[in-house]
Amino acid sequence: MAQRAGGGLSRRAIITSALALSACGPKNAQGQSVPADLPPLKTVAPFRVGTCVQAMHLADPAMAALLAREVNQLTPEWEMKMEYIVQPDGSFRFDAPDRIAAFARAHGMGLLGHTLIWYAQAPPAFEQLDESRISFVDAYRNYILAVAGRYRGQVVGWDVVNEAVAEDGHGWRDSLWARKLGDFEHIALAYRTAREADPQAPLLLNDYNLEYNPTKRATFLKLAERLLASGAPLTGLGTQMHVAADIAPGQIREMMRDLASLGLPVHVSELDVSLTRAENKLLGRAELSRRQTAVYAEAAEAFMSLPQRQRFAFTLWGLRDRDSWLKKENGADAPAPFDDAGRPKAGAAALVEAFRG
Ligand code: G3I
């Protein structure tokens with residue numbers, strides 16, 4: 001149980017104990033009992049609640065039902081990225097993202113475009129571009145115009161550039177895009193081109209570890225300010241929040257306060273709370289689960305503390321444990337707010353509690 005230096009119980013410990021006591025519903029896979037009548041997340045939040053999704057998930061009736069019940073925004077987990085869209089011959093395929101867009105439309109959900117430009121993905125068609133036939137800048141622009149243009153009027157926003165800041169927070173990432181078009185210019189050009197393709201869509205800058213690394217957070221904010229000063233149509237900030245259950249209490253609140261300082265809408269864009277990535281290897285599973293619940297509570301409360309105009313959306317990176325990307329790293333992880341069967345965990349109850357304000 002998290003104790004304050006003076007021996008008193010931390011706020012987080014009080015929340016988790018209260019949630020544990022309040023729970024009286026059926027037990028889930030973690031042996032946690034949460035209220036049997038827990039309302040859907042989207043019905044209690046005064047902003048959109050989302051999750052990442054893959055086209056194959058939509059063919060699973062249980063998953064489709066869980067999505068329809070709990071969220072009103074979807075982020076394609078990988079099928080709206082270059083790795084899926086750009087074929088070796090330079091052609092584009094859109095079958096999977098179109099299916100996700102159609103499901104979102106059919107269920108009245110927002111679609112968050114993710115992501116146009118990412119240092120981590122530079123397909124061979126770009127790496128080996130024949131620049132005697134087309135300039136690199138035209139190929140770059142054509143991609144953004146084609147993808148953002150295709151979903152014009154369907155998206156609630158775009159992660160135009162993902163993870164532009166260096167891992168250690170000192171400077172920006174190297175990438176094919178930076179090498180070809182300039183460190184800053186390729187980023188500013190991406191926002192201008194996305195705006196050309198879609199005159200209305202909110203255009204966000206998305207990154208991770210902003211709660212763990214104050215240096216990275218400061219560099220992220222400086223990049224955002226430089227984009228704004230250059231006239232680039234940046235209109236929102238995304239903080240991914242892939243965190244571990246033993247993140248120090250208060251780090252998330254501090255990060256949220258800093259991000260809000262620019263006055264732009266903030267998107268909690270990829271929240272999951274890993275048990276197995278916890279640095280403290282001496283915490284038992286039960287303690288890690290308790291801390292996970294409190295981290296969900298802190299993330300939701302920190303977001304709720306923003307003015308309504310700055311609460312863009314609150315997106316989980318997977319509703320069910322079984323679908324999480326983290327399971328590929330460690331099958332024992334259980335980072336999501338719902339268990340493998342889609343039953344709410346204490347983390348889901350904590351989100352509902354906080355969203356209710
Ligand atoms: O489903 C196909 C499978 O049919 C195929 O056989 C296999 C081999 O190529 O690929 C499978 O697709 C994989 C997909 O995940 C689904 O599992 C892709 O290769 C793999 O690249 C993709 O990884 C995604 C990753 O981004 C890269 O796009 C993860 O699911 C996704 O969770 C992860 O998400 C990122 C965010 O976009 C940015 N922030 C960090 C976050 C976690 O890394």
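In listed order, ligands and their atoms are each counted from 1. Since we're looking at a predicted model, the values are computed, not measured.
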Checking the N or O distance criterion of under 3.5 Å, is ligand 1 in contact with [X]?
X	answer
Trp325	no
Lys81	yes
Trp118	no
Glu270	yes

Handout entry: Arg320 charged N/C atom sitting above Phe338 aromatic ring, 6.0 Å / 45°
Key = no
Hey, what do you get for [atom1] ([X]) to [atom2] ([Y]), rounding to the nearest 0.5 Å?
X	Y	atom1	atom2	value
His186	Phe136	NE2	CZ	9.5 Å
Ile85	Gln121	CD1	CD	9.5 Å
Leu288	Thr276	CG	OG1	9.0 Å

Practice task
For residues Ile117 and Ala190, report the shortest heavy-atom separation together with the two atoms involved.
Solution key: CG1-CB, 4.1 Å
Exercise for the section: Mind listing the closest non-hydrogen atom pair of Phe303 and Phe312 along with its distance? Expected result: CZ-N, 3.7 Å
Exercise for the section: Test Thr235 against Arg195 for side chain to side chain contact (heavy atoms under 4.5 Å, CB included), laying out the working first. Expected result: CA-CA 11 Å; Thr235 66; Arg195 176 57 72 234; 4.0 Å; yes
Can you find a protein heavy atom closer to [atom] than 4.0 Å?
atom	value
atom 40 (C) of ligand 1	yes
atom 28 (O) of ligand 1	yes
atom 10 (O) of ligand 1	no
atom 25 (C) of ligand 1	yes
atom 6 (O) of ligand 1	no

Exercise for the section: Could you please spell out the steps behind the side chain to side chain contact (heavy atoms under 4.5 Å, CB included) verdict for Met304 and Phe47? Expected result: CA-CA 9 Å; Met304 284 291 287; Phe47 39 76; 3.5 Å; yes
Atoms in ligand 1 flagged as close to [X], the criterion being non-hydrogen separation under 4.0 Å:
X	value
His242	39 (N), 40 (C), 41 (C)
Asn162	38 (C)
Gln54	16 (C)
Gln121	27 (C), 28 (O)
Glu163	38 (C), 39 (N), 40 (C)

Closest protein heavy atom to [atom], given as residue, atom name and distance to 0.1 Å:
atom	value
atom 20 (C) of ligand 1	Glu83 OE1, 3.8 Å
atom 2 (C) of ligand 1	Trp78 CZ2, 3.9 Å
atom 15 (O) of ligand 1	Lys328 NZ, 3.2 Å
atom 32 (O) of ligand 1	Glu77 OE2, 2.6 Å

Practice task
If the plane angle is over 60° it's perpendicular, under 30° parallel, otherwise tilted; pick one for Phe314 and Phe355.
Solution key: perpendicular
Practice task
Give a yes/no verdict on whether any heavy atom in Trp317 is under 4.0 Å from an atom of ligand 1.
Solution key: yes
Exercise for the section: Establish whether Leu227 and Phe220 are linked, either directly or via other cluster members, by ILVMFWY side-chain heavy-atom contacts under 4.5 Å. Expected result: yes
Exercise for the section: Count the heavy atoms belonging to other residues, nucleotides or ligands that lie under 6.0 Å from CD of Glu279, then report whether that count exceeds 12. Expected result: no
Problem - Electrostatic pair Arg290-Glu287, nearest N-O below 4.0 angstrom - result: yes
